[in-house]
Amino acid sequence: MIKLSLQSLSYRDTFNAGEIDLEGIIDKAYEYKMDGVDIHWAHFASTDDDYLEKIRHLCLARGLHIPYIGISNNFLQTGDDYDAQIENCKKWIDVAARMGIPMVRLFGGWLGEGQTEEDAWPRLVEATKTVVAHGRANHVVCSLHNHNHGCIPATGEQVIRILDDVNDEYYSHILDTGQYRGSPGASFGERGQEDPQYNFYGSIETSAPRAVHVRAKIYRIASGKEAWLNYERIMPILKNVGYNGWMSLVFEGQDELDEPAAVPLANTYLRDLLARHEM
């Protein structure tokens with residue numbers, strides 16, 4: 001049975017306004033009877049041992065797992081910026097190891113001016129291998145989060161390519177349902193409209209067999225149902241490959257509905273989807 005977690009970025013605006021902290025987000029996951037909470041690195045108030053232990057014990061007391069820590073990185077930086085990206089990833093792998101969290105989320109990289117995807121690819125693979133080796137040494141899996149907005153990998157084929165090029169059991173895949181090229185929420189075209197020049201749902205189908213975690217993106221939930229992404233199409237893709245891992249609720253529709261109202265609606269919606277599809 002798929003387990004449902006709350007991605008802490010679902011409270012991005014509330015957190016940035018100082019109206020909730022990480023402990024409060026954990027309490028929200030408990031209030032909504034979720035199974036876990038995955039945490040963006042910026043939501044940790046500290047990396048001191050006492051604070052990390054406090055967060056770990058709070059989750060334990062609430063019956064919540066922490067599937068992964070979300071690192072934000074850009075492996076296509078150069079010079080000192082590149083070194084800083086690598087060191088930051090290693091730092092948060094170490095935090096995950098100290099807390100007993102099995103996985104961290106990684107991006108690929110953003111293309112620089114005049115840089116082609118093929119030009120960038122060797123550096124992307126090299127940087128990923130460096131960080132994954134640190135993860136392996138600390139028994140923490142590094143998982144690739146497909147992304148867009150000028151980032152690669154941004155298609156299912158690119159995800160499979162880098163997974164195969166890195167070729168390490170400590171490198172896996174977090175599938176984001178809203179972040180492939182052509183998505184209504186993350187495309188170069190009009191926001192809210194699927195870009196027909198890309199096979200958005202085909203990318204989900206391509207990488208789904210390799211996914212160990214799914215981020216279920218929610219963009220428009222005021223009606224009680226997600227309006228931009230077709231989950232009646234997405235759920236069978238996941239079911240057909242036998243997916244049985246974690247699914248994160250990731251709300252990114254703050255321009256339509258505020259987070260305190262949207263997150264419980266999205267939670268109910270995803271629970272209903274999973275039940276109806278017997279997942």
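Excluded from the calculations below are hydrogen atoms, water molecules and symmetry mates; all remaining heavy atoms, backbone and side chain alike, are included. Since we're looking at a predicted model, the values are computed, not measured.
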*His43 and Ser8: side-chain donor and acceptor closer than 3.5 Å?*
yes
_Tell me whether His40 contacts the main-chain N or O of Ala42 through its side chain, where contact means a donor paired with an acceptor under 3.5 Å._
yes
*Are the side chain of Gln158 and the backbone of Ala154 linked by a donor-acceptor contact shorter than 3.5 Å?*
yes
_For the residue pair Ser248 / Ser5, report whether a side-chain donor-acceptor contact shorter than 3.5 Å exists._
yes
*Between Gln7 and Leu9, is there a donor-acceptor pair closer than 3.5 Å when you use the side chain of the first and the backbone of the second?*
yes
*Flag the pair Phe200 / Leu229 as yes when at least one side-chain heavy-atom distance between them is below 4.5 Å, and no otherwise.*
yes
_For Val131, the option from Ile71, Val166, Ile93 that meets side chain to side chain contact (heavy atoms under 4.5 Å, CB included)_ = Ile93
*State, without any angle test, whether Asn230 and Glu232 hold a side-chain donor-acceptor pair at a distance under 3.5 Å.*
no
*With distance as the sole test, does Ser223 use its side chain to make a donor-acceptor pair with the main-chain N or O of Lys225 at under 3.5 Å?*
yes
_Flag for Ser207-Tyr180: side-chain donor and acceptor within less than 3.5 Å_ = yes
*Is a side-chain donor-acceptor pair under 3.5 Å present for Asp94 with His134?*
yes
*Identify the two heavy atoms, one from Asp13 and one from Glu259, that lie closest to each other, and give their separation to 0.1 Å.*
N-OE2, 2.8 Å
_Salt-bridge contact Lys54-Glu23 (side-chain N to carboxylate O under 4.0 Å)_ = yes
*Are Phe44 and Trp92 close enough that their ring centres sit under 6.0 Å apart?*
yes
*Please test Asp38 against Tyr68 for side-chain hydrogen bond (donor to acceptor under 3.5 Å, both in side chains), starting from the C-alpha separation and ending with a verdict.*
CA-CA 5 Å; Asp38 36 276; Tyr68 72 87; 3.2 Å; yes
_Note, Val159 side chain near Leu163 side chain (heavy atom, < 4.5 Å)_ = yes
*Can you tell me how far the CG atom of Leu111 sits from the CG atom of Asp119, to the nearest 0.5 Å?*
9.0 Å
*Measure the CD1-OH distance between Ile234 and Tyr231 for me, rounded to the nearest 0.5 Å.*
5.0 Å
*Give me the other members of the hydrophobic cluster that Leu60 sits in, counting Ile, Leu, Val, Met, Phe, Trp and Tyr linked by side-chain heavy atoms under 4.5 Å, directly or via other members.*
none
_In the structure I gave you, are the side-chain heavy atoms of Tyr171 and Val132 within less than 4.5 Å of one another anywhere?_
yes
*asked:* Do Arg161 and Trp121 form a cation-pi contact, if we require the NZ or CZ to be under 6.0 Å from the six-membered ring centre and within 45 degrees of the ring's axis?
replied: yes
*asked:* Evaluate Thr177 against Arg215 for side-chain contact (heavy atoms from CB on, under 4.5 Å), listing each step before the verdict.
replied: CA-CA 6 Å; Thr177 61; Arg215 289 167 54 104; over 6 Å; no
*Nearest non-hydrogen partners of Arg181 and Cys151, listed with the distance*: NH2-O, 4.1 Å
_Can a donor-acceptor pair be found, under 3.5 Å and without considering hydrogens, that links the side chain of Thr268 to the backbone of Pro264?_
yes
*asked:* Counting C-beta onward and ignoring hydrogens, is there a side-chain heavy-atom pair between Tyr30 and Leu64 closer than 4.5 Å?
replied: yes
*List the steps and the verdict of side-chain hydrogen bond (donor to acceptor under 3.5 Å, both in side chains) for His173 and Arg210.*
CA-CA 6 Å; His173 174 38; Arg210 306 286 284 272; over 6 Å; no
*Val263 reachable from Tyr219 in the ILVMFWY side-chain graph, under 4.5 Å edges*: yes
*To the nearest 0.5 Å, tell me how far Met247 CE sits from Leu238 CG.*
5.5 Å
*asked:* I want to check something: taking the side chain as every heavy atom from C-beta on, are Pro236 and His277 in contact at a cut-off of under 4.5 Å?
replied: yes
_Asp176 (side chain) donor-acceptor with Gly178 (main chain) under 3.5 angstrom_ = yes
*Establish whether Met34 and Ile218 are linked, either directly or via other cluster members, by ILVMFWY side-chain heavy-atom contacts under 4.5 Å.*
yes
*Taking NZ, NE, NH1 and NH2 as the nitrogens, is one of them in Glu226 or Arg220 under 4.0 Å from a carboxylate oxygen of the other?*
no
*To the nearest 0.5 Å, what is the distance between OG1 (Thr128) and CD (Glu126)?*
9.5 Å
*Would you say the side-chain atoms of Asn88 and Trp41 include a donor-acceptor pair closer than 3.5 Å?*
no
_Test side-chain contact (heavy atoms from CB on, under 4.5 Å) applied to Ser143 and Val104, step by step_ = CA-CA 6 Å; Ser143 282; Val104 296; over 6 Å; no
*Do Gln85 and Asn74 have side-chain N/O donor and acceptor atoms under 3.5 Å apart?*
no
*Indicate whether any N or O donor in one side chain lies under 3.5 Å from an N or O acceptor in the other, for His213 and Ser172.*
no
_So that I can tick it off, tell me whether Lys3 and Asp35 are bridged by a salt bridge, with the cut-off set at under 4.0 angstrom between side-chain N and carboxylate O._
no
*asked:* I'd like to know if the side chain of Glu19 pairs up with that of Thr14 as donor and acceptor (distance under 3.5 Å, no hydrogens or angles considered).
replied: no
*Is it true that the NZ or CZ of Arg123 lies under 6.0 Å from the centre of Tyr82's six-membered ring and within 45 degrees of the ring axis?*
yes
*asked:* Using side-chain heavy atoms (C-beta onward) and a distance below 4.5 Å, is Met99 in contact with Ile66?
replied: yes
*In Å and rounded to the nearest 0.5 Å, what is the CG to OG distance from Asn148 to Ser183?*
7.5 Å
*When you measure from the side chain of Asp48 to the backbone N and O of Tyr51, does any donor-acceptor pair fall under 3.5 Å?*
no
*Under 3.5 Å, side chain of Tyr198 to main-chain N/O of Tyr201, donor-acceptor pair present?*
no
*Is any NZ, NE, NH1 or NH2 atom of the basic residue among Lys129 and Asp168 found under 4.0 Å from an Asp or Glu carboxylate oxygen of the other?*
no
*Salt bridge present between Asp272 and Arg276 (N-O < 4.0 angstrom)*: yes
*asked:* To the closest 0.5 Å, what do you measure between CG (Asp27) and CG (Leu58)?
replied: 6.0 Å
